[in-house]
Structures are given as C-alpha cells and as structure tokens.
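Report on the following structure.
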Amino acid sequence: IFRFDMENGKFYKAGVHIRLSGKEQRFFQLLFHHLGSTITYELLDEVVWQSTYVSDNTRRTFIYRMKQKFPELKLQTIKEVGVKVGHKGK
C-alpha cells in the first residue's frame with residue numbers, strides 16, 4: 001500500500017516515508033492529479049523539468065527509474081504520447 005501526501009510532497013510505502021527528489025515530487029503530484037489519464041510528454045516536461053529542454057533519452061531514463069523504484073504503480077508508457085498509472089493509489 002502506498003500514499004502520496006500532496007500537500008507536503010511526501011511518498012509513503014507500507015507506512016514508511018520514501019525520500020523523493022524534486023523531480024520525483026513533481027512527477028507524483030502530476031500523476032495523482034491525473035489518475036486514470038494519460039500524461040503527455042509535453043505536460044511531463046513542463047511540470048517535472050519546469051519547461052527546460054529535456055531529451056527523449058533523459059525522459060525515458062527517468063520513467064524507467066520510476067518504474068524500478070515504484071513497481072506497485074504499474075506505470076504504463078504509451079509510445080510517443082506519454083505515461084499513465086496502471087494502479088490507483090490512495
């Protein structure tokens with residue numbers, strides 16, 4: 001079971017606080033605001049990287065690491081479109 005405290009930008013997994021980087025916090029805020037929806041790469045870039053240029057490789061690596069770090073989210077990559085959560089969190 002996991003929980004994301006939107007107000008404080010904190011993620012909890014089985015009741016244990018998991019430290020997040022600034023990009024990870026922005027990523028989770030975006031995901032939980034758009035549960036069940038696809039988040040486009042353009043929106044991801046705007047929010048996570050705060051509109052600075054990001055290469056496709058950097059974005060792919062970031063999403064890959066998030067999938068590895070938080071497998072319970074079941075992140076789904078939609079080729080050339082974006083990413084979405086495959087499992088609803090609390």
Checking side chain to side chain contact (heavy atoms under 4.5 Å, CB included) against F2, which of F70, Y12, F11, F28 comes through? F11

Side-chain (T58) to main-chain (V54) donor-acceptor, under 3.5 angstrom: no

Please evaluate residues N57 and F62 with respect to the criterion side chain to side chain contact (heavy atoms under 4.5 Å, CB included), reporting the C-alpha separation (whole Å), side-chain torsions for both, the decisive distance (0.1 Å), and the verdict. CA-CA 9 Å; N57 188 52; F62 177 80; over 6 Å; no

If you measure from CE on M6 to CZ on F32, what distance do you get to the nearest 0.5 Å? 8.5 Å

Is it true that a side-chain atom of N8 and a backbone atom of K10 form a donor plus acceptor pair closer than 3.5 Å? no

If you measure from OG1 on T38 to CG on L44, what distance do you get to the nearest 0.5 Å? 12.0 Å

Report yes if the side chains of Q50 and R26 come closer than 4.5 Å at any heavy-atom pair, otherwise no. yes

With clusters defined by side-chain heavy atoms of hydrophobic residues (ILVMFWY) lying less than 4.5 Å apart, directly or transitively, does V81 cluster with V48? no

With a 4.5 Å heavy-atom cut-off, do I63 and M66 have their side chains touching? no

Check whether L43 and I78 end up in the same hydrophobic cluster, where Ile, Leu, Val, Met, Phe, Trp and Tyr are linked by side-chain heavy atoms less than 4.5 Å apart. no

Indicate the atoms forming the closest heavy-atom contact of Y41 with R59, along with that distance. CD2-CD, 3.1 Å

Taking E24 for the side chain and S21 for the main chain, is one N or O donor matched with an acceptor at less than 3.5 Å? yes

Between Q25 and F27, is a side chain to side chain contact (heavy atoms under 4.5 Å, CB included) present by the stated rule, with each step listed? CA-CA 5 Å; Q25 286 179 13; F27 181 72; over 6 Å; no

Measuring from L73:CG to K13:NZ, what's the distance to the nearest 0.5 Å? 8.5 Å

Taking everything shown except H33 itself, do over 12 heavy atoms lie less than 6.0 Å from its NE2? no

Among pairs that include at least one residue of residues 76-85, which meet side chain to side chain donor-acceptor pair (under 3.5 Å), considering only residues two or more places apart or in two chains? K67-T77

Which atoms form the tightest heavy-atom contact between H34 and I39, and what is the distance? CB-CG1, 3.9 Å

Side chain proximity check, D45 to T40, heavy atoms < 4.5 angstrom: no

